[in-house]
Participant: 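Got a structure for you, questions after.
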Amino acid sequence: QRALQTSYALEARAVASDRWAALAALPGAVAVVDADLRLAFANAPMDTLLRGARALTLRSGRLAAVDAAAQGRLVAAVRSAEHTPPPAVWLPTAAAGGVMLLDVTPVSAPSARYLPSRPHVLLSVRRGALSAQEIAAVLRERHGCTRSEVTLAVLLAQGMALSAAAAEMGLTYGTVRVYLKTLFQKMDVHSQAQLVAALARLGEA
């Protein structure tokens, strides 16, 4: 029994230091968690993000969204990853209107002789522009935009002129100008150029 306990303790120490060693050199922020969001590994860029608590933080050894309303999305994405790879999950950041986009990928840990095997999930922060679907989700859930406002914003983000967007949506130019003004209020911007710039920056916060 003593030998088994010693082997278990030594393996636990080795697993903690070696299991995720290959991820330590990645330049992007990555973390490995189990289904209960218990942190198994975080590389240096992720550790910096967690300490800054801009969108993610660490509470009692578990990852948590700083924004309480986003915690449900994070939990659901991690728990469903083993069965159905989920779309990226977005979390609001401290920056006004900004979001952090996390890609969620199931990972298999090296098998251990004594330790029970547990499924894990790799969370990696994605930098850069959001897809049209991701922009739509953020606008609906974070800014309370209607379907028409979301459609208009996505078309403008793709470089379409307002008149062309009106034709694409089958609406009059006057109607889409009303939607545009509402978007200005919801996104806290004052011009179409500022709106397009704010949409382009969503994934960089």
Side-chain angles (χ1 to χ4, degrees), residues 26-31 45-46 48-49 52-57 63-78 80-81 84-105 122-205:
L26 293 177
V30 297
M46 178 61 82
T48 301
L49 284 175
R54 294 176 60 211
L56 275 174
T57 189
L63 279 192
V66 171
D67 183 89
Q71 182 67 12
R73 279 199 306 276
L74 179 61
V75 170
V78 167
S80 67
T84 307
V89 60
W90 64 270
L91 306 174
T93 65
V99 298
M100 177 184 288
L101 202 64
L102 292 172
D103 287 313
V104 183
T105 310
L122 176 71
L123 300 175
S124 51
V125 177
R126 193 199 314 165
R127 300 287 184 182
L130 276 61
S131 69
Q133 293 81 6
E134 290 159 352
I135 289 173
V138 172
L139 291 178
R140 280 194 306 267
E141 297 177 43
R142 184 163 198 195
H143 298 283
C145 294
T146 65
R147 182 182 300 176
S148 296
E149 290 162 0
V150 166
T151 302
L152 175 60
V154 168
L155 292 174
L156 295 177
Q158 292 172 343
M160 197 172 284
L162 191 61
S163 56
E168 177 73 18
M169 295 172 68
L171 300 172
T172 66
Y173 185 77
T175 300
V176 294
R177 278 190 58 80
V178 172
Y179 291 147
L180 183 64
K181 288 180 181 176
T182 306
L183 279 169
F184 289 172
Q185 293 173 344
K186 292 181 177 180
M187 295 290 293
D188 193 24
V189 296
H190 306 287
S191 70
Q192 185 174 329
Q194 288 180 354
L195 173 65
V196 172
L199 294 172
R201 287 195 307 268
L202 279 178
E204 298 176 2

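In this chain, numbering begins with 1 at the start of the sequence shown. Only heavy atoms go into these numbers, but all of them, side chains included; no hydrogens, no water, no symmetry mates.
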Participant: Is there side-chain contact between Leu49 and Met100, with heavy atoms separated by less than 4.5 Å?
Facilitator: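 Leu49 reaches Met100 side chain to side chain.
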Participant: Of all the heavy-atom pairs spanning Val104 and Ala81, show the shortest one and how long it is.
Facilitator: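 The pair with the smallest heavy-atom distance is CG1-CB, 3.8 Å.
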Participant: Can you confirm whether Asp103 sits close enough to Leu123 that some side-chain heavy atom of one is under 4.5 Å from a side-chain heavy atom of the other?
Facilitator: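 Side chain of Asp103 against side chain of Leu123, heavy atoms only: no contact under 4.5 Å found.
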Participant: Quick one: closest heavy-atom pair of Val154 and Ala132, and the distance?
Facilitator: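 The answer is CG1-CB, 3.7 Å.
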Participant: Rounded to the nearest 0.5 Å, how far apart are CD of Gln192 and CG of Leu183?
Facilitator: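 Taking CD in Gln192 and CG in Leu183, the distance rounds to 10.0 Å.
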Participant: Please check this pair: side chain of His143 against backbone of Lys186, looking for a donor-acceptor N/O pair closer than 3.5 Å.
Facilitator: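 Looks like yes, one N/O pair under 3.5 Å.
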Participant: So which atom in Ala65 and which in Gln71 form the shortest heavy-atom distance, rounded to 0.1 Å?
Facilitator: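 Scanning both residues completely, I find the closest heavy atoms to be N-OE1, 2.7 Å.
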Participant: Is any side-chain heavy atom of Val78 closer than 4.5 Å to a side-chain heavy atom of Leu63?
Facilitator: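 In short, these two side chains do not touch, never coming nearer than 4.5 Å.
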Participant: Within the 4.5 Å heavy-atom criterion, are Leu139 and Glu149 side-chain neighbours or not?
Facilitator: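 They are not in contact (no side-chain heavy atoms under 4.5 Å apart), so the answer is no.
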Participant: Using every non-hydrogen atom in the two residues, find where Arg142 and Pro92 come nearest and quote the distance to one decimal.
Facilitator: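 Scanning both residues, the minimum pair turns out to be CZ-CB, 3.5 Å.
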Participant: Does some side-chain heavy atom of Leu199 sit less than 4.5 Å from a side-chain heavy atom of Met187?
Facilitator: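 Of all side-chain heavy-atom pairs linking Leu199 with Met187, at least one is under 4.5 Å.
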Participant: Test your reading of the model: is there a side-chain donor-acceptor pair from Arg73 to the backbone of Leu91, 3.5 Å cut-off?
Facilitator: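 Side chain of Arg73 to backbone of Leu91: no pair is present.
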Participant: Between atom OG of Ser131 and atom CG of Leu101, what is the distance when rounded to the nearest 0.5 Å?
Facilitator: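 It is 8.0 Å, given to the nearest 0.5 Å.
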Participant: Got a second to check how far Arg126's CZ is from Glu134's CD, nearest 0.5 Å?
Facilitator: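 That separation rounds to 4.5 Å.
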Participant: Do Leu56 and Leu102 come close enough that some side-chain heavy atom pair is under 4.5 Å?
Facilitator: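 Yes - at least one pair of side-chain heavy atoms lies under 4.5 Å apart.
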Participant: Please report the shortest heavy-atom distance between Ala77 and Val89, naming the atom on each side.
Facilitator: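 Smallest heavy-atom distance, with atoms named: CB-CB, 4.2 Å.
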Participant: Restricting to non-hydrogen atoms, name the atom on Val189 and the atom on Ala198 that form the minimum distance, rounded to 0.1 Å.
Facilitator: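 Shortest heavy-atom contact: CG1-CB, 4.2 Å.
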Participant: Can you tell me how far apart OH (Tyr179) and OG1 (Thr146) are? Round to the nearest 0.5 Å.
Facilitator: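 Reported value, rounded in 0.5 Å steps: 6.0 Å.
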Participant: Do Leu156 and Leu180 have side chains that approach each other closer than 4.5 Å (heavy atoms only, starting at C-beta)?
Facilitator: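 Yes, at least one pair of side-chain atoms sits under 4.5 Å.
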Participant: Mind checking what makes side chain to side chain contact (heavy atoms under 4.5 Å, CB included) contact with Leu26, not counting sequence neighbours?
Facilitator: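 Leu23, Val30, Asn43.
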Participant: With rounding to the nearest 0.5 angstrom, report the CG to CG distance, Leu152 to Leu162.
Facilitator: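 With rounding to 0.5 Å, CG (Leu152) is 6.0 Å from CG (Leu162).
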